[in-house]
Amino acid sequence: VVNAVRHTPSGTTVEVSARTEADGVVIEVVDDGPGIPEDLRAEVFDPFIHGGQPGSTGLGLAVVRAVTEAHGGRVQLATSTSGTRVGLWLPGHPGEQE
């Protein structure tokens, strides 16, 4: 969420949603900004990859992926010139005992 707010132009809408599925929970962060440049899309979850924004370390999405995968989940990116969607899937349901 912080990445979406920090790296999109002023006035951009950022929406966060969560829903349950049969085998887990999906959390999505969607913005209507300019999207991630095409040359960065394949590596955007790698450490130290960023679009050159001042103050950016390029660690935000790398941390998102590492934490998500550590919990048995997965993360996906969909981006275009009309926005970006980052979706997380986590197994199980809140409150469920494993």
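Positions are given from 1 along the sequence.
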Next on the checklist: For a quick test of reading the model, state the closest non-hydrogen atom pair linking V29 to A4 and the distance between them.
Outcome noted: CG1-CB, 3.9 Å
Item to check | side chain to side chain contact (heavy atoms under 4.5 Å, CB included) evaluation trace for R65 with D46 | outcome: CA-CA 9 Å; R65 180 177 64 183; D46 294 344; 3.7 Å; yes
Item to check | For the student: nearest non-hydrogen atoms of A62 and G58, plus distance | outcome: CB-O, 4.5 Å
Next on the checklist: To the closest 0.5 Å, what do you measure between CD (E69) and NE2 (H71)?
Outcome noted: 11.5 Å
Checklist entry - Distance from F48 atom CZ to L59 atom CG, nearest 0.5 Å? => result 4.5 Å
Checklist entry - Checking T20 side chain against G24 main chain: does a donor-acceptor pair fall under 3.5 Å? => result no
Next on the checklist: If I take atom CD1 from residue I36 and atom CG from residue L61, how far apart are they, to the nearest 0.5 angstrom?
Outcome noted: 6.5 Å
Item to check | Point-to-point distance, once rounded to the nearest 0.5 Å, from CG of L88 to OG1 of T68 | outcome: 4.5 Å
Checklist entry - Does a sphere of radius 6.0 Å around CD in E15 hold more than 12 heavy atoms from other residues, nucleotides or ligands, not counting ones at 6.0 Å or beyond? => result no
Item to check | Exam field: side chain R19 to backbone V26, donor-acceptor pair closer than 3.5 Å | outcome: no
Item to check | Backbone of T8 reached by a side-chain donor or acceptor of T12 within 3.5 Å | outcome: no
Next on the checklist: Testing the basics here: between P34 and P9, what is the closest heavy-atom pair and its distance to 0.1 Å?
Outcome noted: CD-CD, 3.5 Å
Checklist entry - Rounded to the nearest 0.5 Å, what separation is found between the CD1 atom of I49 and the CZ atom of R41? => result 15.0 Å
Checklist entry - Can you find a pair of side-chain heavy atoms, one from W89 and one from Q76, that are under 4.5 Å apart? => result no
Next on the checklist: Do the side chains of E28 and R85 get close enough for a salt bridge, i.e. N-O under 4.0 angstrom?
Outcome noted: yes
Checklist entry - Would a 4.5 Å heavy-atom cut-off, applied to side chains only, mark L77 and T84 as touching? => result yes
Checklist entry - Is the backbone of D32 close enough, under 3.5 Å, to the side chain of T13 for a donor and an acceptor to pair up by distance? => result no
Next on the checklist: Is there a path of hydrophobic side-chain contacts, each under 4.5 Å between heavy atoms of I/L/V/M/F/W/Y residues, joining V16 to V2?
Outcome noted: no
